[in-house]
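All values derive from a computational prediction rather than experimental measurement.
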Amino acid sequence: MRKNIVAGNWKMNKTFQEAEELIDQIVVGMEKNSLKCEVIACPPALYLEMASDYAEESRIHIGAQNVSEHEKGAFTGETAAPMLASVDIEYCIVGHSERRKYFHETNEQLAKKVDILLDYGIKPIFCCGEVLEEREKEIHFDVVKKQLEESLFHLNEDEFSNIVVAYEPVWAIGTGKTASPEQAQEMHAFIRSLIAEKYGTKTSDEVSILYGGSCNPGNAKTLFANKDVDGGLIGGASLKAEDFLKIASAFE
Ligand code: 13P
């Protein structure tokens with residue numbers, strides 16, 4: 001069955017103490033409310049083991065923000081999939097637009113990251129989305145299609161069943177400018193139709209497609225009310241437990 005998911009991408013924020021406090025507040029908040037979604041926190045790599053300990057004792061799930069496409073070796077500063085697996089990390093964000101932009105990650109490289117994560121039993125949260133110029137040129141559907149085709153569509157149906165997709169229009173990330181519910185629904189339905197064409201309707205019905213980009217407690221409900229929007233990948237608003245929990249409470 002398709003899952004509703006709210007995932008927090010903390011990006012490069014929080015000291016260790018602040019991170020522990022935030023996880024703790026989220027976990028306590030989750031105990032008080034019965035949420036109708038799975039909640040994932042994606043803290044910086046350094047805090048994954050601490051966060052993973054919380055996951056053992058509670059209903060929170062933990063994801064990394066990035067992984068190397070290599071299994072091990074001389075890649076200074078990188079984190080490998082077996083390292084994530086060794087501290088029981090369940091999810092990993094792949095292909096966030098900030099990684100594509102600042103670290104020049106390509107669709108081909110992202111396909112390798114997806115593969116190595118699946119090899120180690122970690123579920124990729126695969127990000128796709130167009131920049132403003134591409135939307136203005138009305139090529140946003142082509143851009144997203146190419147991202148999916150080149151990084152995901154080599155997978156077989158079984159492998160694909162472990163994928164979570166996040167549509168994050170780059171112009172909406174950290175800008176306060178959210179995609180309208182209609183824009184989000186239109187792209188999510190398009191993504192689901194591509195998945196249906198490639199893998200059939202059973203797979204496309206079951207895949208969770210999250211929206212990301214200036215999602216906050218004020219707009220989450222109208223975004224999540226759309227039939228193909230199965231939750232959110234939250235940046236700024238995931239850094240305050242109260243806001244994050246309000247977003248996670250937005251499912252009817
Ligand atoms: P904001 O919610 O801060 O716009 O960030 C979205 C995002 O990039 C989540 O991965």
Side-chain angles (χ1 to χ4, degrees), residues 1-11 13-67 79 81 83-94 96 117-118 120-127 161-166 168 205-212 215-221 223-225 229-252:
M1 212 186 70
R2 195 192 304 177
K3 255 194 270 188
N4 289 328
I5 297 175
V6 169
N9 175 8
W10 297 7
K11 308 192 179 181
N13 291 293
K14 306 285 179 192
T15 62
F16 184 86
Q17 286 74 17
E18 289 165 350
E20 196 164 30
E21 195 178 42
L22 179 55
I23 280 273
D24 198 70
Q25 288 169 345
I26 295 170
V27 164
V28 169
M30 286 172 69
E31 278 165 11
K32 288 191 195 141
N33 301 293
S34 65
L35 300 174
K36 293 184 184 136
C37 65
E38 183 171 305
V39 174
I40 306 173
C42 303
L46 190 58
Y47 312 145
L48 286 170
E49 189 185 355
M50 173 274 289
S52 182
D53 287 344
Y54 273 89
E56 254 179 56
E57 309 282 324
S58 70
R59 284 182 293 128
I60 198 160
H61 299 258
I62 304 300
Q65 297 176 13
N66 181 37
V67 68
T79 306
M83 298 175 184
L84 298 178
S86 72
V87 290
D88 298 320
I89 298 307
E90 200 180 336
Y91 290 94
C92 182
I93 298 171
V94 176
H96 192 279
L117 286 169
L118 293 175
Y120 282 91
I122 299 166
K123 292 174 235 163
I125 302 174
F126 181 79
C127 301
S161 66
N162 294 297
I163 301 290
V164 174
V165 177
E168 300 208 311
D205 279 349
E206 288 187 358
V207 63
S208 299
I209 308 177
L210 315 183
Y211 168 80
C215 187
N216 60 44
N219 59 28
K221 213 174 200 154
L223 284 162
F224 299 171
V229 180
D230 308 310
L233 181 55
I234 320 299
S238 73
L239 298 174
K240 267 178 71 185
E242 194 189 338
D243 288 350
F244 186 59
L245 288 164
K246 272 190 200 149
I247 296 173
S249 312
F251 293 97
E252 293 292 338

Can you tell me how the ring of Y47 sits relative to the ring of F16, calling it parallel under 30°, perpendicular over 60° and tilted otherwise? perpendicular
Decide if atom CD of E242 counts as having more than 12 heavy atoms of other residues, nucleotides or ligands within a radius under 6.0 Å. no
Crowding at NZ, K240 (>12 non-hydrogen neighbours, <6.0 Å): no
Compare every heavy atom of [Y] with every heavy atom of [X], then report the nearest pair and how far apart it is.
X    : Y    : answer
V67  : A81  : CG2-N, 3.4 Å
I40  : G63  : CG2-N, 3.8 Å
C215 : I247 : O-CD1, 4.0 Å
S238 : G8   : CB-CA, 3.5 Å
N162 : K123 : O-CB, 3.3 Å
A41  : I60  : CB-CD1, 4.0 Å

Is it true that E168 and H96 share a donor-acceptor pair across their side chains at a distance under 3.5 Å? yes
Which one of N216, V39, L239 satisfies the side chain to side chain contact (heavy atoms under 4.5 Å, CB included) criterion with F244? V39
Between [X] and [Y], is any pair of side-chain heavy atoms under 4.5 Å apart?
X   : Y    : result
S52 : I89  : yes
D88 : E56  : yes
N4  : S208 : no

Distance from [X] atom [atom1] to [Y] atom [atom2], nearest 0.5 Å?
X    : Y   : atom1 : atom2 : answer
D230 : K3  : CG    : NZ    : 11.5 Å
M30  : Y54 : CE    : OH    : 13.5 Å
N9   : I93 : CG    : CD1   : 3.5 Å
S58  : I26 : OG    : CD1   : 10.0 Å
I5   : H61 : CD1   : NE2   : 8.5 Å
L46  : T79 : CG    : OG1   : 9.5 Å

